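Below you'll find the structure, written out as structure tokens, and then a few comments.
All values below come from the heavy atoms of this structure, side chains included, with hydrogens, waters and symmetry mates left out. All chains are named by letter (A, B, ...) in the order of the sequence lines, taking the proteins before the strands, and each is independently numbered beginning at 1. Predicted, not measured: the structure shown is a model, and the values here were computed from it.
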Protein chains: 2
Amino acid sequence: MTEPRWLNADERRAWLALVSINTLLPAALDTKLHAAGKLSLFDYTVLAMLSEAEDRFLPMSELAARSSASLSRLSHVVTKLQKRGWVERRPHPHDARVTTAHLTEEGMATIVGLAPGHVEDVRDLFLDALTEQDVLDLARIGEKVVGRLDTDHWILREN
Amino acid sequence: MTEPRWLNADERRAWLALVSINTLLPAALDTKLHAAGKLSLFDYTVLAMLSEAEDRFLPMSELAARSSASLSRLSHVVTKLQKRGWVERRPHPHDARVTTAHLTEEGMATIVGLAPGHVEDVRDLFLDALTEQDVLDLARIGEKVVGRLDTDHWILREN
DNA sequence: GCAGCGTGGTTGATTCTTCAACTAGGTCCC
DNA sequence: GGGACCTAGTTGAAGAATCAACCACGCTGC
């Protein structure tokens, strides 16, 4: 039980900034999205991932991975999105354990309508504060951190 | 209504990494802290802010600012921490609107016991993935983003 | 061909967070 | 000195996240 290595000044700055961003940014985007369409950032992310997937469907576990969520959380949210008519659940044809989540036309229309405003918000709240170099640095550092938190994270997959 | 400026590849990388960190990092630290002492990262942050404050107390609104939370959220959490004997509420002597939250001896003992493990976890899950230059870059970029989200954020105050 | 284990997913209870409504004390200013 | 408005904080209800328990299917080895 040796004395822990406390954070130095720069480490503390980096850590505090990250924790603050972590609470402020999702809160701000949640507010915007809730005003625009009564959904949360997580709801939006789920719809976005489906809209970018081939044929607009994904197995629940793949969708969970792409939205960095637990299967349980995703299951509850998909139930909610289903009630709004934006997503459908279907059994997988070849593996009866698997459920696939499909984006409906209505769901697609919703995200198409929301996306431009959301991108503007992301720029407004976040990217516009940064130079091109900052963006590059952040992408590099961010991916390192993601790799440490989850070695197989999908955003690190080749291509 | 002009065509929105979609994210370019690097912007997208930076954004996706940040969103992923945002869900993975607190989840991992919550799990660790919950195992160590049945508290969340936010609970820990509140205790930590009090422990670093002069005389170990702060007005609710200042504590809310330092933990990036709404007053409402803080109020509920302080009620919980109070029930565990870690925090006390007292009226402010000169302004009857203000409530101050005080860290008890028991609360101090709790955070002193938890801190070394928590710092190790922060290194383990996050800082150890980064070089010294990364830490500097992240501190710089992080503070820019915080400034954009909240101009008067406390971490930007000239001490 | 069936026992045992791992995978994929759902559910309900508990805990947390947010939101809107409200109390109450302070400040401005006429 | 009395409105009007602002600041600080609390509360209860509603919606969201987590956790543990659980079911069903598939694979493996015998």
Side-chain angles (χ1 to χ4, degrees), chain A residues 22-35 37-47 57-84 87-102 152, chain B residues 19 22-35 37-46 57-84 87-102 152:
Chain A
N22 228 289
T23 43
L24 296 174
L25 228 195
L29 286 170
D30 270 337
T31 303
K32 294 271 192 184
L33 280 170
H34 212 268
K38 301 277 179 218
L39 37 61
S40 69
L41 179 57
F42 184 70
D43 299 339
Y44 179 92
T45 305
V46 168
L47 296 179
F57 76 93
L58 288 171
M60 292 293 280
S61 29
E62 181 59 24
L63 185 52
R66 298 201 190 178
S67 47
S68 302
S70 68
L71 219 27
S72 168
R73 181 178 182 186
L74 179 66
S75 185
H76 283 297
V77 167
V78 165
T79 302
K80 186 184 72 181
L81 298 178
Q82 209 170 8
K83 282 185 191 146
R84 297 193 193 164
V87 169
E88 267 175 32
R89 270 187 239 245
R90 297 191 203 153
H92 190 283
H94 302 319
D95 186 341
R97 288 171 305 179
V98 175
T99 309
T100 52
H102 297 248
D152 303 321
Chain B
V19 171
N22 228 289
T23 44
L24 295 174
L25 227 195
L29 285 170
D30 269 338
T31 303
K32 294 271 192 184
L33 280 170
H34 213 267
K38 302 276 180 219
L39 36 61
S40 70
L41 180 57
F42 183 70
D43 299 339
Y44 179 93
T45 305
V46 168
F57 77 92
L58 288 171
M60 291 294 280
S61 27
E62 180 59 25
L63 186 52
R66 297 201 190 178
S67 45
S68 302
S70 69
L71 218 28
S72 168
R73 180 180 183 185
L74 180 65
S75 184
H76 284 295
V77 167
V78 165
T79 303
K80 185 185 73 180
L81 298 178
Q82 209 170 8
K83 282 187 191 144
R84 298 193 191 163
V87 169
E88 267 175 34
R89 269 186 241 245
R90 297 191 203 152
H92 189 284
H94 302 319
D95 187 338
R97 287 171 304 178
V98 175
T99 309
T100 52
H102 297 249
D152 304 321

Judged by nearest nucleotide, the residue sitting upstream toward the 5' end of DNA chain D, A:Asp43 or A:Ala96, is A:Asp43

Take the protein atom [atom1] of [X] and the nucleotide atom [atom2] of [N], then report the distance between them rounded to whole Å.
{"X": "A:Gln82", "N": "C:dT10", "atom1": "CD", "atom2": "C1'", "value": "12 Å"}
{"X": "A:His76", "N": "C:dC16", "atom1": "NE2", "atom2": "C1'", "value": "14 Å"}
{"X": "B:Leu41", "N": "C:dT17", "atom1": "CG", "atom2": "P", "value": "10 Å"}
{"X": "A:His34", "N": "C:dT18", "atom1": "NE2", "atom2": "C1'", "value": "9 Å"}
{"X": "A:Asn22", "N": "C:dT17", "atom1": "CG", "atom2": "P", "value": "13 Å"}
{"X": "A:Asp95", "N": "C:dT7", "atom1": "CG", "atom2": "C1'", "value": "9 Å"}
{"X": "B:Lys83", "N": "C:dC16", "atom1": "NZ", "atom2": "P", "value": "10 Å"}

Identify the two heavy atoms, one from B:Leu81 and one from B:Val46, that lie closest to each other, and give their separation to 0.1 Å. CD1-CG1, 3.9 Å

Over all atoms of both residues, closest heavy-atom pair of A:Thr23 and B:Ser68: OG1-CB, 3.1 Å

Select base, sugar-phosphate, or nothing to describe what [X] touches, counting heavy atoms under 4.0 Å on all strands.
{"X": "A:Asp30", "value": "nothing"}
{"X": "B:His92", "value": "nothing"}
{"X": "B:Thr99", "value": "sugar-phosphate"}

B:Met60 vs B:Leu71 side-chain heavy atoms within contact, under 4.5 Å: yes

Determine whether A:Leu74 and A:Leu63 make a side-chain contact, defined as any pair of heavy atoms from C-beta on separated by less than 4.5 Å. yes

Got a sec? Which of residues 61-72 of chain B come in under 4.0 Å of DNA chain D, heavy atoms? B:Ser61, B:Leu71, B:Ser72

Any donor and acceptor pair, going by atom type alone, linking the side chain of A:Thr45 with main-chain N or O of A:Leu41 inside 3.5 Å? yes

Side-chain donor/acceptor of B:Asp30 to backbone N/O of B:Ser40, under 3.5 Å: no

Strictly by modelled atom types, are B:Arg89 and B:Thr79 linked by a side-chain donor-acceptor pair under 3.5 Å? yes

From CA spacing to verdict: salt bridge (charged side-chain N to carboxylate O under 4.0 Å, His left out), B:Lys80, B:Asp43: CA-CA 9 Å; B:Lys80 185 185 73 180; B:Asp43 299 339; 2.7 Å; yes

Contact boundaries on DNA chain D for chain A, cut-off under 4.0 Å to non-hydrogen atoms: D:dA16 to D:dG26

